[in-house]
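Working notes, structure below.
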Amino acid sequence: MLDHGTPEHAVHDPIESLRHRMRHSAAHVMADAVLQLFPEAKVGIGPPTADGFYYDFDVAQPFTPEDLERIESLMLDTIRSNAPFVREELSRDSAKAMFDSQPYKQEIIDDLPDETTLSIYRHGEFTDLCQGPHLDNTGEITAVKLLNVAGAYWRGDENRPMLQRIYGTAWESQQELEAHLERLAEAERRDHRTLGRQLNLFTVHEEIGPGLIVWHPRGGIMRSLIEDYWRDIHYRRGYSIVYSPHIGRARLWQTSGHLDFYRDSMYAPMQIDEQEYFLKPMNCPFHIQVYRSALRSYRELPLRIAELGTVYRYERSGVLHGLMRVRGFTQDDAHIFCLPDQVEAEVGDVLDLTFEIMSAFGFEDYDIMLSTRPEKYVGEPEMWDHATESLRQALVSRDLPYGMDDGGGAFYGPKIDIKIKDALGRDWQCTTVQFDFNLPERFDLVFQDDQGNRSRPYMVHRAILGSLERFFGVLVEHYAGAFPLWLAPLQAAVIPIADRHNEYAEQVAAQLRDAGFRVEVDDRSERMNQKIRQAQLQKTPYMLVVGDREADADAAAVRTRDGDNHGAMPLADVIAMLSAELDGTPAAR
RNA sequence: GCCGAUGUAGCUCAGCCGGAAGAGCAGCGGUUUCGUAAACCGCAGGUCAAGGGUUCGAGUCCCUUCAUCGGCUCCA
C-alpha cells in the first residue's frame, strides 16, 4: 500500500525533508541510468513518495529484473561520482527546445500555467525538468535500492499510454534502508492470504470463482464471534436488525437508479418468470422498503435499520485481492432515517459506536476524512451545507482531528470516511458515514411531521467494519494471526504427553469447555514436542500439557504462545486465569 | 480492464538444450509412549491450470482462455 504524494507537514520535518530530497534525487539518478542503458526511452515523471520514489518510462520492451540490477549498478556509479545537482531557470521556449525529443516533458511544459518559472536540474550529463528541491550532490544519496517494476498509465489515465514504472526506495542510512526492507518482509509474513491458509481460516477457489470467499470452520467461528458482538452492541444502541433477500427485480434497481449508473458493477440479470432479477450490489433499497412499509410518524424517528447484508459486485479482475477486495462480501450496513435536527446527534452516535467497536478489536489509531459536495450532485445546496456542517460538528465536538477532501463526496451526499491504522501503521478504509439526498427522492420517502404535513426524512448510510471480509483480513494482518484470546478460534490445546494421558486430557478439556472455552485435545500418537510445535504454528494462545504429574494433581502445565512455560497450575486456577484475560473484551463473562 | 510475471502432488517448491514426472511437509499404515517448537520405517498421492498448435516426441516451444501475484486505473 504505497501512499503516493508527500504530505505538507513532511517538508517541515528535517528528516522527512532530507528523505524527500534524497528520493527525488534518486529518481533523477535512476532516470539518468535508464537513459544511459536505453537511449530511446521517453521519460514521464519521477516523484518521491511516502517511503520511496518512482520514475515512469516509455520503452519498447518492459524492464526485466536483470535490467533493474544493471540500472541500480549504474546508479551506484553516479552516486560514487558525487556529481553536484545544479539548478537553472529557463524560458518556456528554451525548455521546449531542450526536451524536444521528450513528448511527455513537452506535454508537462504545455500544461504548466504561464506564470510558472521553469527550472531544470542537472547532474553529470543528465538534465530533467524539475521544481526541486534536490540534494547538493549525488554522493549524498546514502542508501538506495530498486524494488520492482510495473505498468502505470501516463498521468493516471487509462486511455493514455501505459508506461513502465520503476519503484525504488532511499534512506538516510543503510540501517534505515534495512529497517524498511524488514518492514516490507514483516508485512509479507503477515499477509492474510498466507495466514488464512496456514491457520485454516478461509480459501478462495478457482472452481467457485474469483473474489468469492469460503470461510472454513476456524474462520467461521471468528466471524460468528464478530457478528454476535456486532448484533449485541447494535441492539443496545437502538438499532433494529433486519434480513433481506440476495436478489431483487429489475424494477427495484430501476427506481433506485442503480441500473442507470451502477450496472457495469452488477452481476448480469437472471430471467425468472419472464422477469429480470439482479444480485444485490447494495442493501439500501431493501432497508428503504422496510421504511416504506408503513406511513412513518416523526415520533418514530430516528429509525435505525441495520443488517449484515451480503452483496455482490462485479469488480474488475485486476483489482481483486484476498479478502480486501472481493466480489461477494457482507457489509455491516445500516441506514438511519431521521429529522433534520437529529442529524448531528445521529452522526455523533455513529462515531462513538465506531470507536467503541474498533477499540474492542484493538484498533486505536484513526485517519478521518470529511468529503464535501462535488461538482455533479443531486439535492439542495442548503441540505448539503446542513449535512456537511453536522458531520463537521460531530467531529469537532469530539476533538477528532480530520482532513478535508473538498469536492470528494459522492454525488448524493457528503461523507466521513475513517481509516484504521494496523500494527504496522498501514491504513485501511473501513468505516463510512454518508448522507444520501438521492434515494429518499427516488423512493419518495416521507414521514408525517408534528404539523400533520408530509416531510422528507434525512437518510444516512453507515458501515462501521465496512465489509466483514475486509475487516477480517485486516484483523489477521494486525495480529499476524495471533488473535487475542476472545477471538482465537482455538483458545487452548490440551497436549497429553503419552497416549495413557489421553483420558485425563479429555477430562481437562471437558472442564474448560464447561467454563465456556474453545478447547481441543491433540491425541495424535506424536511426541509432545511435535504437538507443541503444531499449537505454536497455529498460534494457539494456551497449551495445556498433561502427564503423570498433572493427572495426579488435577492440574495442567501451562505454556503460552509467546514460548513461556508457566509450570503446573490447578485447573481451577487455569480457568480463572483465562477468564481474567477475557475481562474488558466482548467475551467478558 | 491495462502492463508485466507466474501456474508441476493437499501445501511449499525443483525439473538444464524438447527425449521415462521429483523432493520436503501434510495424509495413510506400522513401530515408538516420549516433559515444552519437527521420533523412525513404509505406502500412496499427478489430465504438469484448460483448450488448441508445432514436432518422430511437449511440463519444457507457439497461440487462446482461465486463475493467481506485483502495479496502474477503479472502488456510491
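Below, chains carry the letters A, B, ... as their sequence lines are ordered, and counting in each starts from 1.
Distance noted for atom P between B:rU31 and B:rC17: 48 Å (whole Å). Rounded to whole Å, the P atom of B:rA44 lies 40 Å from the corresponding atom of B:rA5. Distance check on atom C1': B:rA23 versus B:rU65 gives 32 Å, rounded to whole Å. Atom name C1', nucleotides B:rA21 and B:rG59: the rounded distance is 8 Å, in whole Å.
Side-chain atoms of A:R316 come within donor-acceptor range of the base of B:rU73, with a qualifying N/O pair under 3.5 Å. One cannot find a donor-acceptor pair under 3.5 Å joining the base of B:rG4 and the side-chain atoms of A:Q61. Side-chain N/O atoms of A:R325 and base N/O atoms of B:rC74 include a donor-acceptor pair closer than 3.5 Å. Residue A:N529 places no side-chain atom within donor-acceptor reach of the base of B:rU36, judged by atom type and a 3.5 Å distance cut-off alone.
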Give each protein N/O atom lying under 3.5 Å from an N/O atom of nucleotides 42-49 of chain B, with the pair distance.
none

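Salt-bridge formation is not detected for the pair A:E469/A:R313: no Lys NZ or Arg NE/NH1/NH2 atom is positioned less than 4.0 Å from an Asp or Glu carboxylate oxygen. Note on A:R155 versus A:D157: no salt bridge recorded, every NZ/NE/NH1/NH2 to OD/OE distance being 4.0 Å or above. Under the 4.0 Å criterion applied to side-chain N and carboxylate O atoms, A:K280 and A:E307 are assigned as salt-bridge partners.
Remark: A:Y104 pairs with A:W154 by the ring pair (Phe, Tyr, Trp, His ring centres under 6.0 Å) rule, at least two apart or across chains. Judged as a ring pair (Phe, Tyr, Trp, His ring centres under 6.0 Å), and not counting sequence neighbours, the contacts of A:F472 are A:W215. Residues satisfying the side-chain hydrogen bond (donor to acceptor under 3.5 Å, both in side chains) criterion with A:R190, sequence neighbours excluded, are A:E186. In this structure, the ring pair (Phe, Tyr, Trp, His ring centres under 6.0 Å) partners of A:Y55, at least two apart in sequence or on a different chain, are A:F57. Every residue two or more places apart in sequence or in another chain that forms a side-chain contact (heavy atoms from CB on, under 4.5 Å) with A:P269 is listed here: A:R263, A:E276, A:F278. Partners of A:D333 under the salt bridge (Lys or Arg N to Asp or Glu O under 4.0 Å) rule, at least two apart in sequence or in another chain, do not exist in this structure.
At the heavy-atom level, A:S525 lies under 4.0 Å from base atoms of the strands shown. The residue A:M282 sits close to a base: some heavy atom pair falls under 4.0 Å. Contact annotation for A:I495: no contact, since no heavy-atom pair falls under 4.0 Å across all strands. Contacts of A:E188 with the nucleic acid, taken as non-hydrogen atoms under 4.0 Å apart, are absent. Nucleic acid contact for A:Y314: sugar-phosphate only, since backbone atoms but no base atoms lie under 4.0 Å from a heavy atom of the residue. If you check every strand for non-hydrogen atoms under 4.0 Å, A:R549 touches a base.
Atom P of nucleotide B:rC74 and atom CG of A:N159 are separated by 11 Å, given to the nearest angstrom. One can place CG of A:D56 at 14 Å from C1' of B:rC2, the figure rounded to the nearest angstrom. Atom pair A:E469:CD and B:rC75:P shows a separation of 21 Å (rounding to whole Å applied). A:D499 places its CG atom 15 Å from the P atom of B:rA39, with the value rounded to the nearest Å. Rounded to an integer number of Å, the gap from A:D523 CG to B:rC34 P is 17 Å. Between the OH atom of A:Y153 and the P atom of B:rG1 there is a distance of 11 Å, rounded to whole Å. A:E526 has its CD atom 15 Å from the P atom of B:rA37, to the nearest Å. The nearest whole Å value for the distance from the CD atom in A:E207 to the P atom in B:rA50 is 12 Å.
Comparing B:rA37, B:rC34, B:rU68 by their nearest atom to the side chain of A:R527 picks out B:rC34. Nearest to the side chain of A:N565, among B:rU73, B:rU36, B:rC34, sits B:rU36. Relative to the side chain of A:Q530, the nucleotides B:rA38, B:rU73, B:rA37 differ in distance, and B:rA38 lies closest. Of the listed nucleotides (B:rU36, B:rG71, B:rA37), B:rU36 has the atom at the smallest distance from the side chain of A:V545. Among B:rU33, B:rU73, B:rG4, the nucleotide with an atom closest to any side-chain atom of A:P62 is B:rG4.
Map A:M162 and A:R559 each onto its nearest nucleotide of RNA chain B; the residue landing nearer the 5' end is A:M162. Across the interface with RNA chain B, nearest-nucleotide mapping of A:Q164 and A:G547 shows A:Q164 to be the residue nearer the 5′ end.
Every pair passing salt bridge (charged side-chain N to carboxylate O under 4.0 Å, His left out) that includes a residue from residues 531-554 of chain A is listed here, sequence neighbours excluded: A:R500-A:D548. Listed by first and then second residue, the side-chain hydrogen bond (donor to acceptor under 3.5 Å, both in side chains) pairs that reach into residues 204-213 of chain A are A:T203-A:H205, sequence neighbours excluded.
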Validation: residues 404-422 of chain A side-chain donor-acceptor distances under 3.5 Å, sequence neighbours left out:
from, atom 1, to, atom 2, distance (Å)
A:Y412, OH, A:Q434, OE1, 2.6
A:K415, NZ, A:D417, OD2, 3.2
A:D417, OD1, A:T432, OG1, 2.8
A:K421, NZ, A:D427, OD1, 3.0
A:D422, OD1, A:L424, N, 2.8
A:D422, OD1, A:G425, N, 3.1
A:D422, OD1, A:R426, N, 3.1
A:D422, OD2, A:R426, NE, 3.0
A:D422, OD2, A:R426, NH2, 2.8
A:D422, OD2, A:W428, NE1, 3.0

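Here the closest non-hydrogen pair linking A:V59 and A:A41 is CG1-CB, 3.5 Å.
A:Y262 has no side-chain polar atom (N or O) that falls below the 4.0 Å cut-off from OP1 or OP2 of B:rC74.
If you check residues 408-419 of chain A against RNA chain B, the residues with a heavy atom closer than 4.0 Å are A:F411, A:Y412, listed by number.
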(request) Report the secondary structure of RNA chain B in dot-bracket form, marking unpaired bases with a dot and bases paired to a different strand with |, and treating Watson-Crick or G-U pairs with both distances under 3.5 Å as paired. (result) (((((((..((((.....[..)))).(((((.......))))).....(((((..]....))))))))))))....

(message) Please evaluate residues A:M358 and A:C430 with respect to the criterion side chain to side chain contact (heavy atoms under 4.5 Å, CB included), reporting the C-alpha separation (whole Å), side-chain torsions for both, the decisive distance (0.1 Å), and the verdict.
(response) CA-CA 10 Å; A:M358 288 304 181; A:C430 293; 3.9 Å; yes

